[in-house]
Protein chains: 2
Amino acid sequence: MNGAQGRPLRADAARNRARLLDVATEVFTTRGVGVPTEEIARAAGVGVGTLFRHFPTKEALLEAVMVGRLESIAARTARLAAEAGPAEAFFGCFRLVIDQSAGKNEFARALAAAGVDAHAALQESSQVIQAQLAELLTGAQQAGAVRPELGLPELIALLVGTSTAMEHLGSDPAARERIFEVVFDGLRPR
Amino acid sequence: MNGAQGRPLRADAARNRARLLDVATEVFTTRGVGVPTEEIARAAGVGVGTLFRHFPTKEALLEAVMVGRLESIAARTARLAAEAGPAEAFFGCFRLVIDQSAGKNEFARALAAAGVDAHAALQESSQVIQAQLAELLTGAQQAGAVRPELGLPELIALLVGTSTAMEHLGSDPAARERIFEVVFDGLRPR
DNA sequence: CGATAACCTGAGTCGCTAGTCCGATTCTAG
DNA sequence: CTAGAATCGGACTAGCGACTCAGGTTATCG
């Protein structure tokens with residue numbers, strides 16, 4: 001994550017940075033991006049100054065959190081894609097992305113709203129995932145498991161949409177499953 | 001909307017109120033709820049004082065905008081439901097709600113975030129629509145056009161999700177149509 | 001065990017925005 | 001046309017939250 005630029009962080013600094021990221025991920029995900037920075041600093045047991053030393057901007061903190069989540073998703077997706085046939089891999093990854101994306105939509109909005117559409121680091125991880133998704137999609141399409149007329153933009157829109165639908169459903173597992181059935185059946189060829 | 005309480009508004013006051021609502025609807029929908037109140041007042045050609053005279057709170061303004069949109073949707077839904085068979089009515093209203101809901105999701109969030117979940121006026125219009133949707137749903141299910149295991153919560157989640165998916169697609173009509181096909185096919189019985 | 005550079009702290013600054021207040025400005029009844 | 005009540009305008013206040021800085025603290029190296 002921290003590309004090991006220049007010199008290594010001092011031990012306590014590295015600890016604080018990691019703690020900050022953990023807490024921020026937790027807080028932003030469960031309570032939204034509107035939570036004040038000071039509260040995150042307190043929850044991590046450091047002063048605001050420390051937070052801003054590591055992440056010069058609230059936006060930078062959001063971005064770091066986002067990159068972490070994206071990288072985690074990319075890793076799991078890669079593993080899953082290697083272990084299953086085209087159809088299972090595709091639908092399995094669809095589920096995975098949805099399950100891992102609680103609150104992620106709000107992040108993306110906040111970042112998009114705050115100036116540049118997406119910074120370099122973000123765009124990179126994002127493109128890794130998009131490439132994976134594209135490959136899964138064409139694989140599943142060639143296997144006859146997904147409608148051939150769909151492209152990557154539609155897939156992404158459906159992922160975001162399904163994620164939002166799940167957020168509005170609370171955590172009733174049966175209802176979630178019904179949503180998955182609707183979407184998956186709709187994705188299959190006529 | 002303004003339930004004709006007490007005395008009628010003075011002519012200029014009524015004009016200003018309507019203008020304010022129009023502008024707010026436009027601005028909030030296209031640029032999000034973060035736009036400062038003062039900007040809305042200026043765009044409507046009045047001072048902030050006037051805005052706050054008519055809507056004592058920014059939240060109240062949001063709510064008024066929301067109620068207006070909900071009422072408009074409810075009216076169109078009712079018309080459409082009366083003029084078509086169960087299946088056409090159901091799918092037609094689904095489209096209608098999606099088309100009319102640009103930016104509405106953000107409203108709902110903002111309101112939910114700002115204190116009480118939904119105020120009286122909002123809840124009323126919202127329940128009108130929910131009742132309509134419930135009726136359309138069971139009608140379509142009895143006609144065998146929609147999977148019988150789906151309930152109103154799932155339908156609403158799908159509406160919100162589809163709306164979000166559309167937002168992420170820009171305005172490419174062909175792609176929008178493909179999303180509709182996926183969702184509609186998924187809604188039909190196995 | 002110092003010496004020193006890196007790091008931490010948190011009160012304070014700055015900018016932004018929701019909401020107030022009252023003199024100035026219409027509208028409308030008669 | 002005129003009184004006067006309703007309405008308007010927009011400078012002003014209050015409060016919040018992102019970000020800074022002048023010390024005090026601590027890891028690390030020789």
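Quick note on labels: first sequence line is chain A, next is B, and so on, each numbered from 1.
One atom, CD of B:Glu59, and another, C1' of C:dT17, lie 16 Å apart when rounded to the nearest Å. At whole-Å resolution of the value, CZ in A:Phe28 and C1' in D:dA18 are 12 Å apart. In this structure, CZ of A:Arg15 is placed 10 Å from C1' of D:dA27, rounded to the nearest angstrom. In this structure, A:Arg53 places its CZ atom 13 Å from C1' of D:dA27, rounding to the nearest Å. Atom CZ in B:Phe55 sits about 15 Å away from atom P in C:dT20, given to the nearest Å. Remark: C1' of D:dT28 and CG of A:Leu9 are 14 Å apart, rounded to the nearest angstrom. Atom P of nucleotide C:dC27 and atom CG of B:Asn16 are separated by 10 Å, given to the nearest angstrom. The CZ-P distance, from B:Phe52 to D:dT13, rounds to 17 Å in whole Å.
In the set C:dA5, D:dG9, C:dT9, the nucleotide with an atom closest to the side chain of A:Thr50 is C:dT9. Here the nucleotide nearest the side chain of A:Lys58, chosen from D:dA18, D:dC8, D:dA5, is D:dA18. Residue B:Ala13 places its side chain closer to D:dC8 than to any other of D:dC8, D:dA5, C:dC8. Listed nucleotides D:dC19, C:dT17, C:dA6 differ in distance to A:Arg10; the shortest reach to its side chain belongs to C:dA6.
Contact between the side-chain N/O atoms of A:His54 and the OP1/OP2 oxygens of C:dC8 is found at a separation under 4.0 Å. Proximity of B:Thr37 to the phosphate of C:dA18: a side-chain N or O atom is located under 4.0 Å from OP1 or OP2.
A donor-acceptor distance shorter than 3.5 angstrom exists from the side chain of A:Thr29 to the backbone of A:Thr25, with no hydrogens or angles considered.
Salt-bridge check for B:Arg176 with B:Asp99: passed, with a basic side-chain N closer than 4.0 Å to an acidic carboxylate O. With respect to B:Arg188 and B:Asp185, a salt bridge is recorded, a charged nitrogen being found less than 4.0 Å from a carboxylate O. Salt-bridge formation is not detected for the pair B:Arg31/B:Glu26: no Lys NZ or Arg NE/NH1/NH2 atom is positioned less than 4.0 Å from an Asp or Glu carboxylate oxygen.
Annotation: of the two residues near DNA chain C, A:Val46 and B:Pro56, the 5′-most nearest-nucleotide partner is A:Val46. Each of B:Ala11 and B:Val48 has a nearest nucleotide on DNA chain C; the 5'-most of these lies closest to B:Val48. For the pair A:Asp12 and B:Gly47, nearest-nucleotide mapping onto DNA chain D gives the more 5' position to B:Gly47.
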One pair to check against side chain to side chain contact (heavy atoms under 4.5 Å, CB included): A:Leu9 and A:Arg15. What are the steps and the verdict?
CA-CA 9 Å; A:Leu9 245 33; A:Arg15 211 170 24 239; over 6 Å; no

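Across all strands shown, A:Gly45 has heavy atoms under 4.0 Å from sugar-phosphate atoms exclusively, and none from any base.
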